[in-house]
Amino acid sequence: MKQTYIEDIASHDGEAVEIRGWLYNARSSGKLRFLLVRDGTGLIQAVAFKKDLPEEMFNLIDQLTQECSIIVRGSIHADQRAPGGYEMSLQYIEKVGGAVDYPITPKEHGVNFLIDHRHLWLRSSKQHAALRIRHEVVSAIRDFFNQRGFINLDAPIFTPAACEGTTTLFEVDYFNDKAYLTQSGQLYMEAGAMAFGKVYCFGPTFRAEKSKTRRHLTEFWMVEPEVAYMDLDGLMELSEDFISYIIERALENRKEELKTLERDTSKLENIKPPFPRITYDEAHKLLIEKNFNFRYGDDLGAPEESAISESFDKPVMIHRWPAEAKAFYMKRDEDRPELALGMDMIAPEDVGEIIGGSQREDDYDIILQRIKEHGLPLEAFDWYLDLRRYGSVPHSGFGLGLERTIGWICGTPHIRETIPFPRMMYRIRP
RNA sequence: UCCCCGGUGGCUCAAUGGUAGAGCGGGUGGCUGUUAACCACUAGGUUGGGGGUUCAAGUCCCUCCCGGGGAGCCA
């Protein structure tokens, strides 16, 4: 008999189908058995009456354990009492693989235990929902850039040196030479933008910083578009269109999953352009009004970010930062050379920074001087300087943290639940 | 690296310095509409390691290990 997936079950009302999956939970009442079956696409309850089944099949049900794999057949019919709205009247059941002492029970577990069993935790409904939303967000990101004519041009993961110098990198042995895992594809995307006009890379990024917080992973995914002839204002417009599109897609296609996660979607429905844009100067003023002891020129810490995002119900973009606090490659504001044309987007609901971007310095002499000022090894940037030697143009780009974005959409407190196998400072297993 | 919190049956937790317990999960039995089902019975423990104080330590002290989330830094 042909396999039917639970997600398609509504179109099989009244038919007999076969479902291949796993036992999610079982309950019984006298000569009646309720089996909650999952197949990866959904959950359905199968009901078995003793009188409707051969004796050995009915007896088999009582030997089934949580997460053992089973094949069930029966007729489908709508039933309001059933979770999911449809129910199967069981006519046949077959055990495929056993499951003795499945560790994750239907009751509470601590984070420690669950993370240790991440390979099994993926089967639980909330994790399942979060990762299906991840899939949607990834698809939306690719669709957004495809629709706008961007070329996907992925950056290398092995890199010869730091892109920005300061951040801690994972060092690897590269045929008896040193190499590092990428912390950003940006410099390569700048080369790509000069070749293709509009490009993006989308892949894993590695940071060896000893950060132990709910918004950090040592391995995370980053999307980095880079556009030739785009200035900072164009970049902010691109960012808000991008974020709005992602949110819209999640709301449109992942309603069920958001419901499973008990996400208050009213806060997401509001996320439409334009987003508030404030300068660093305005952010500074806002913090002083809120009685923060915040010195002009300092970078925004986590408490400052929270305070600013609380003042808005949409993501807020903060632009034009004191240049000392920012990276060497950012272009300076013509009217205020002490300011860098950088932009950070802070998501609401205390999610923190999800986007960091800037207009890049495109002048050969100035960027050469910046590299020297930052004490970076010139020889490593030789190819990068070529981009300013041969037909340099104004250009801009940003990086979006995928897991932080998904965490925001899902309303999960910790971003580790937004990636299948999180890598954190003290966790590399499973 | 620094600050704070934690480590007790498989899991989640309780236990004034004085007999280590409950709920869930497992096992057995019961129940014809269960929704984290319910009811009864039952098995299950070197309290993270080491040292110390004490008549007596899960509990107090020292130390080490492991983990958590916050700072810094970032996406």
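Labels below follow one simple rule: chain letters A, B, ... track the order of the sequence lines, proteins then strands, and each chain is numbered from 1. Only heavy atoms go into these numbers, but all of them, side chains included; no hydrogens, no water, no symmetry mates.
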B:U32, B:U34, B:C73: which one has an atom nearest the side-chain heavy atoms of A:Phe49? B:U32
State which residue, out of A:Tyr200, A:Phe150, A:Phe144, fulfils the ring-ring contact (aromatic ring centres under 6.0 Å, His included) condition with A:Phe242. A:Phe144
B:G69 phosphate, OP1 or OP2, under 4.0 Å from A:Arg416 side-chain N/O: yes
Of the listed nucleotides (B:G25, B:A75, B:G72), which one gets closest to any side-chain atom of A:Thr105? B:G25
Using purine N1 to pyrimidine N3 plus N6-O4 or O6-N4 for Watson-Crick, or N1-O2 and O6-N3 for G-U wobble, each under 3.5 Å, what pairs with B:C60? B:G52
Distance flag, aromatic centroids of A:Phe158 and A:Tyr174, threshold under 6.0 Å: yes
Whether A:Phe220 stacks on the six-membered ring of B:A75 base, 5.5 Å and 30° limits: yes
What interatomic distance, in whole Å, is found between P of B:G23 and the corresponding atom of B:C5? 32 Å
Go ahead and name the base partner of B:A36; Watson-Crick or wobble counts if both distances stay under 3.5 Å, otherwise write none. none
For the pair made of CG in A:Leu90 and P in B:G33, what is the distance, rounded to whole Å? 18 Å
Is a side-chain donor or acceptor of A:Arg416 paired with a backbone partner of A:Leu217 at a separation under 3.5 angstrom? no
Nucleotide opposite B:A71 in a Watson-Crick or G-U pair, distances under 3.5 Å: B:U1
For B:G68, does either OP1 or OP2 sit under 4.0 Å from a side-chain N or O belonging to A:Arg427? yes
Once hydrogens and angles are ignored, does a donor-acceptor distance under 3.5 Å link the base of B:C74 to the side chain of A:Arg404? yes
For B:G69 and A:His414 - does any side-chain N or O of the residue sit under 4.0 Å from the phosphate oxygens OP1/OP2? yes
Please tell me if A:Lys210 has a side-chain N or O lying less than 4.0 Å from either OP1 or OP2 of B:U1. yes
Decide yes or no, distance alone: a donor-acceptor N/O pair under 3.5 angstrom between the base of B:C74 and the side-chain of A:Ser211. no
A:Lys212 vs B:G70: side-chain N/O to OP1/OP2 distance below 4.0 Å: no
A:Asp298/A:Arg295 ion pair, N-O < 4.0 Å: yes
So, OP1 or OP2 of B:A75: does either fall under 4.0 Å of a side-chain N or O from A:Arg215? no
Check whether the side chain of A:Glu87 and the base of B:G33 form a donor-acceptor pair under 3.5 Å. yes
In Watson-Crick or G-U wobble terms, both distances under 3.5 Å, what is the partner of B:G10? B:C24
Contact class for A:Asp344 vs. all strands (heavy atom < 4.0 Å): base, sugar-phosphate, or nothing? nothing
Which of the following nucleotides, B:G25, B:G33, B:G72, is nearest to the side chain of A:Leu32? B:G33
Using atom C1' in both nucleotides, what's the gap between B:G45 and B:A22 to the nearest angstrom? 14 Å
Minimum-distance nucleotide to A:Lys31 side chain [options: B:C31, B:A75, B:G67]: B:C31
A:Tyr426 side-chain proximity, nearest of B:G68, B:A36, B:C11: B:G68
Given the options A:Arg254, A:Lys255, A:Lys259, A:Glu257 meets salt bridge (Lys or Arg N to Asp or Glu O under 4.0 Å) only with A:Arg254
Proximal nucleotide (of B:U34, B:C31, B:C73) relative to the A:Glu209 side chain: B:C73
In terms of heavy-atom contacts, does CD of A:Glu289 have more than 12 from other residues, nucleotides or ligands at under 6.0 Å? yes
So which nucleotide from B:U34, B:U32, B:A71 ends up closest to the side chain of A:Lys51? B:U32
What is the ring orientation for A:His284 with A:Phe294, classed by angle as parallel under 30°, tilted 30 to 60°, or perpendicular over 60°? tilted
Any donor-acceptor pair under 3.5 Å joining the side chain of A:Ser28 to the base of B:C31? yes
With hydrogens left out and only the distance checked, is there a donor-acceptor pair under 3.5 Å joining A:His109's side chain and the base of B:C11? no
Only pairs with both distances under 3.5 Å count, Watson-Crick or wobble alike; so what is the partner of B:G45 in this structure? none
